[in-house]
Amino acid sequence: MKKTLLLLALLIGMVSVNAQTKEELEAQKKEKKAEADALTAEVKAIQAKIDALPGWRIGAFGTIGGSISNFSNWYSQGTPNNQSGNIGFTLNAYANLIQEKFFWRNALTTNLNWVKLDDKDDPNDDDSFNPTTDVFNISSLYGRNITKSLAASGLMEYRTTLLDNFNDPGYLDLGIGATWTPIENLVVVIHPLNYNFVFSSGETIYESSLGAKIVADYTRSFGAVNFKTNLSMFQSYKSNDYSNWTWTNSFSYTLWKIIGVGFDFGLRNNRQEALDFALAQDPATATGFDDLDNKLQSYYTFGLSYKF
């Protein structure tokens with residue numbers, strides 16, 4: 001009986017010691033976490049001061065997506081024996097010089113995709129990778145500060161395709177006006193005096209014109225998240241048929257080191273491109289701007305992402 005009571009007392013003592021030790025460890029954990037949070041806040045504050053210093057800001061991120069498949073005797077589909085695949089990537093890069101009295105912001109955006117379908121039963125089919133999405137845009141914005149958030153500015157923006165019909169069409173915007181930066185990472189360009197040069201081969205419906213240029217860009221990285229959205233609009237003074245706008249968006253989340261997952265999508269409206277495509281059909285689906293069915297253009301890419 002004495003041995004039983006002694007053993008019971010020993011067990012109760014051990015439980016008490018363990019409970020006390022756990023409480024002490026929890027208290028130590030709480031204390032260390034508070035210290036870590038304070039250090040993290042200090043690091044963020046120092047980084048904010050570094051980011052605010054004059055100088056260059058350079059970075060890049062994008063998305064890589066792709067797939068490959070092979071079918072043999074898969075009779076439920078129209079092409080039972082085939083190999084198919086697609087590959088694509090996007091790149092968003094910037095190099096910005098920020099000084100006390102002026103800024104110079106440079107950006108590059110590109111989205112390229114290829115797809116192939118090889119029908120093994122048709123020796124004459126095209127089994128090569130063919131471009132499907134083809135977007136290239138480069139811009140350079142220079143401004144002299146008038147106030148902390150307002151500057152007189154000049155913009156050069158060029159956009160075209162790289163894989164197919166390079167510079168046919170190609171668009172070059174040159175203009176002057178003002179740039180507004182109401183919050184960090186948001187840049188709004190309003191240029192009432194802008195000339196939109198349109199390049200194309202042969203006799204086409206493309207035409208250059210004078211108009212207004214509006215650009216809104218928000219690019220930000222916070223933690224593992226990288227985000228960029230850009231809206232570029234040209235409003236022709238000559239005719240609304242020569243106006244156009246493009247809205248592109250890129251999002252990536254870093255999972256490990258520089259690798260993560262990403263998603264890109266874009267929307268575009270351009271009546272000149274729509275009419276050029278309609279007239280090229282056999283038979284043509286339009287005779288001019290008046291009977292044109294101008295559908296909204298779009299693309300998206302999903303896959304692995306990277307960041308430099």
Side-chain angles (χ1 to χ4, degrees), residues 48-61 90-111 135-160 167 169-199 207-222 226-240 242-250 266-270 272:
K49 292 181 180 179
I50 294 174
D51 294 339
L53 292 174
W56 284 96
R57 281 91 161 143
I58 300 174
F61 70 96
T90 65
L91 172 65
N92 299 282
Y94 62 89
N96 301 329
L97 177 61
I98 308 299
Q99 297 290 349
E100 182 179 353
K101 295 183 179 181
F102 71 92
F103 59 79
W104 183 26
R105 298 176 178 270
N106 304 278
L108 168 67
T109 299
T110 184
N111 187 320
V135 177
F136 178 82
N137 184 293
I138 187 169
S139 65
S140 184
L141 174 68
Y142 178 83
R144 299 288 299 186
N145 295 327
I146 300 173
T147 67
K148 185 177 180 180
S149 60
L150 186 65
S153 58
L155 173 69
M156 182 283 295
E157 182 183 74
Y158 175 71
R159 59 189 182 278
T160 184
N167 203 42
Y171 304 88
L172 175 64
D173 280 294
L174 295 175
I176 57 174
T179 295
W180 181 44
T181 52
I183 60 175
E184 186 180 3
N185 303 310
L186 175 61
V187 179
V188 180
V189 179
I190 303 174
H191 286 176
L193 186 59
N194 181 94
Y195 200 82
N196 178 235
F197 296 91
V198 185
F199 309 101
E207 188 170 336
S208 305
S209 63
L210 181 69
K213 184 74 173 181
I214 299 175
V215 178
D217 184 278
Y218 185 74
T219 304
R220 186 179 179 187
S221 296
F222 46 98
N226 300 282
F227 177 74
K228 177 182 177 67
T229 182
N230 179 278
L231 175 64
S232 179
M233 304 176 62
F234 172 72
Q235 179 61 53
S236 174
Y237 294 148
K238 185 174 184 179
S239 170
N240 190 53
Y242 304 134
S243 302
N244 61 76
W245 60 265
T246 303
W247 182 36
T248 58
N249 299 269
S250 297
L267 300 175
R268 181 167 173 77
N269 186 290
N270 189 308
Q272 295 184 85

Inset, instruction - Scan for salt bridge (charged side-chain N to carboxylate O under 4.0 Å, His left out) pairs involving residues 140-149, sequence neighbours excluded, and state none if there are none. - result: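 Passing the test, one end in residues 140-149: no pairs.
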Legend entry - Summary of salt bridge (charged side-chain N to carboxylate O under 4.0 Å, His left out) pairs that have at least one residue in residues 170-182, sequence neighbours excluded: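 Salt bridge (charged side-chain N to carboxylate O under 4.0 Å, His left out) check on residues 170-182 returns R159-D173, D173-K213.
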Which residues satisfy the side-chain contact (heavy atoms from CB on, under 4.5 Å) test with [X], sequence neighbours excluded?
X    : result
A95  : W56, I58
S236 : S209, F234, K238, Y242, S243
A212 : Y237
T229 : Y218, F227, W247, N249

Test of understanding: with side-chain hydrogen bond (donor to acceptor under 3.5 Å, both in side chains), list the residues that count as partners of [X], not counting sequence neighbours.
X    : result
T110 : none
T90  : D264
N269 : N294
T246 : R268

Legend entry - Qualifying residue for side chain to side chain donor-acceptor pair (under 3.5 Å) with N230, from T248, D217, N137: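 Filter result, single survivor: D217.
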Legend entry - V198 backbone acceptor or donor facing S208 side chain under 3.5 Å: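 The answer is yes, because a donor-acceptor pair under 3.5 Å joins these two groups.
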Inset, instruction - Give a yes or no answer on whether the side chain of N270 reaches the backbone of Q272 with a donor-acceptor pair at less than 3.5 Å. - result: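 Checking the backbone N and O of Q272 against the side chain of N270, a donor-acceptor pair under 3.5 Å is found.
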Would you give the length of the straight line joining atom [atom1] of [X] to atom [atom2] of [Y], rounded to the nearest 0.5 angstrom?
X    : Y    : atom1 : atom2 : result
I138 : E157 : CD1   : CD    : 10.5 Å
I176 : L193 : CD1   : CG    : 5.0 Å
N244 : Q235 : CG    : CD    : 9.5 Å

Inset, instruction - Report yes if some heavy atom in the side chain of F61 is under 4.5 Å from a heavy atom in the side chain of L91; otherwise report no. - result: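 No, side chains not in contact.
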Legend entry - S221 and N226 side chains, donor-acceptor separation under 3.5 Å: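 Side-chain D/A pair, N226 to S221: present.
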Legend entry - Residue pair S250 / N92, side-chain donor-acceptor N/O under 3.5 Å: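 A pair is found: one side chain offers a donor N or O, the other an acceptor, under 3.5 Å apart.
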Legend entry - Sequence neighbours excluded, every pair satisfying side-chain hydrogen bond (donor to acceptor under 3.5 Å, both in side chains) that has a member inside residues 94-108: W104-N106, W104-S140, N106-S140
Inset, instruction - Report the residues that fulfil ring pair (Phe, Tyr, Trp, His ring centres under 6.0 Å) with F197, sequence neighbours left out, ordered by chain and then residue number. - result: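 Per chain and number, F197 pairs via ring pair (Phe, Tyr, Trp, His ring centres under 6.0 Å) with Y195.
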